[in-house]
2 protein chains.
Amino acid sequence: MDANRDALLVQLDQQLCFKLYAASRLMVKAYRPLLDDMGITYPQYLVLMVLWESESALTVGDLGERLILDSGTLTPLLKRMELNGLLRRQRSDEDERQVRVSVTKAGKALQVKAIDWVKRSSSQLHSEDLDVAALQTQLKGLLKMLG
Amino acid sequence: MDANRDALLVQLDQQLCFKLYAASRLMVKAYRPLLDDMGITYPQYLVLMVLWESESALTVGDLGERLILDSGTLTPLLKRMELNGLLRRQRSDEDERQVRVSVTKAGKALQVKAIDWVKRSSSQLHSEDLDVAALQTQLKGLLKMLG
DNA sequence: TCATTTTACATTGTGCACAATATAATTGCG
DNA sequence: CGCAATTATATTGTGCACAATGTAAAATGA
């Protein structure tokens, strides 16, 4: 009957969105050892990665654009990181609306830990059911469409 | 130099985890119209999907196993849904540690809205950069490995 | 110029996530 | 049986996400 066929459309196992949601959380959980060692959370790790890549200071808006997060999320997160000595926040002189965020020595120092951990654990992500490169490509396509 | 090559390992664009994190949030955002219409959140939608599939009541543990969520997340979430009349929570008679969760008429009624919306909007998810079926297969492999 | 609009960030309030811990019921074992 | 271990859920505390709103600075333009 049609009603049964329709019901398949809202079955959990059919949902791309649920797989992404579950995979995202499980992946973050896999980072736990590193994050605990660094003394930060996953979103904070993302902020650090963006800062590590940048030569100079970035505005809150820059970070938000890169991480797809708004000031409601970033402002308190950055304040916590500043409190922990990982970065500096200072109002821009040219444009007082902007807040310029720059990584401190302590924040930069964590990059070594991260690199070391990634080197040691990247080999874990292998199985016959999984082609990581293909998955990344597919996700890039999805993000392009959703963004 | 080696330090520069190492730095690539912690670049945002290289991170499978970030792509999953971003894609997950953007996908949930795409469900906003449906969720607003149903008057629920995405995690609540997931709970409803599991309940819709089940003939009988499920325990909190059953839901947690299916959604990979613990009681710290589920208990308050289920209480809110009960308050909104979408489900019932009752201590099991056989085992008083368990709480049995069952969908109400109001909760069941929302399935129609969901099916209708999915029917109308599933065609949106198409582009040349994206093979949804392949992505689902890859994610299933990833989840199997992470789970 | 100066009022209007836009922009950048901050604040508030709600609802997850999840680690850690607590509590009470059930199970297992000597 | 009696009690230690296990199990199922609840509670507490912290930190995101994000919608909605506030605020002040900068850009715009008649």
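- Checked against salt bridge (Lys or Arg N to Asp or Glu O under 4.0 Å), B:R25 has no partners two or more places apart in sequence or in another chain.
- Here the CG atom belonging to B:L110 is positioned 6.0 Å from the CH2 atom belonging to B:W52, to the nearest 0.5 angstrom.
- Side-chain atoms of B:T41 and B:L35, non-hydrogen and from C-beta on, never get closer than 4.5 Å to each other.
- Between B:Y42 and A:Y21, the ring planes are perpendicular. Angles over 60° get that label, and only those under 30° would be called parallel.
- Formation of a donor-acceptor pair under 3.5 Å by the A:T137 side chain with backbone atoms of A:A133 is found in this model.
- B:Q15 is listed as a side-chain neighbour of A:Y31, based on a closest heavy-atom distance under 4.5 Å.
- In this structure A:D93 satisfies the salt bridge (Lys or Arg N to Asp or Glu O under 4.0 Å) test with no other residue, sequence neighbours excluded.
- Remark: nothing in residues 138-147 of chain B comes within less than 4.0 Å of DNA chain C through any heavy atom.
- Between A:L139 and B:L16 there is a side-chain heavy-atom pair separated by less than 4.5 Å.
- Contacts between residues 18-32 of chain A and DNA chain C, counted as heavy-atom distances below 4.0 Å, involve A:Y21, A:R25, A:R32.
- With sequence neighbours excluded, the residues that form a side chain to side chain contact (heavy atoms under 4.5 Å, CB included) with B:L146 are A:L26, A:M27, B:L142.
- With sequence neighbours left out, B:R32 forms a side chain to side chain donor-acceptor pair (under 3.5 Å) with no residue at all.
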Could you list the donor-acceptor pairs under 3.5 angstrom formed by side chains in residues 76-87 of chain A, with sequence neighbours left out?
{"from": "A:E82", "atom 1": "OE1", "to": "A:R89", "atom 2": "NH1", "distance (Å)": "3.1"}
{"from": "A:E82", "atom 1": "OE2", "to": "A:R89", "atom 2": "N", "distance (Å)": "3.2"}
{"from": "A:N84", "atom 1": "ND2", "to": "A:R80", "atom 2": "O", "distance (Å)": "3.4"}

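- Side chains of B:L12 and A:R66 form a contact here, defined as non-hydrogen atoms less than 4.5 Å apart.
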Can you name the atoms? Protein N/O to nucleotides 26-28 of chain C N/O, anything below 3.5 Å, with the distance.
{"from": "C:dT26", "atom 1": "OP1", "to": "B:E94", "atom 2": "O", "distance (Å)": "3.4"}
{"from": "C:dT26", "atom 1": "OP1", "to": "B:E96", "atom 2": "N", "distance (Å)": "3.1"}

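- Not one N or O on the side chain of B:D116 forms a donor-acceptor pair closer than 3.5 Å with the backbone of B:K119.
- For B:E96, there are no salt bridge (Lys or Arg N to Asp or Glu O under 4.0 Å) partners two or more places apart in sequence or in a different chain.
- The stretch residues 59-90 of chain A touches DNA chain C through A:T59, A:V60, A:G61, A:S71, A:G72, A:T75, A:K79, A:R89, each having a heavy atom within less than 4.0 Å of the strand.
- The distance from atom CG of A:L130 to atom NZ of B:K140, rounded to the nearest 0.5 Å, is 13.5 Å.
- Bounding nucleotides for the chain A contact on DNA chain D, 5' to 3', at a heavy-atom distance below 4.0 Å, are D:dG15 to D:dA26.
- Counting heavy atoms from C-beta on, the side chains of B:T59 and B:V99 never come closer than 4.5 Å.
- Residue contacts shown for B:R91 are limited to sugar-phosphate atoms, with no base heavy atom under 4.0 Å away.
- Within residues 40-48 of chain B, the residues having any heavy atom under 4.0 Å from DNA chain C are, by residue number, B:T41, B:P43, B:Q44.
- B:R88 has its side chain out of reach of B:V101: every pair of non-hydrogen atoms, C-beta onward, lies at least 4.5 Å apart.
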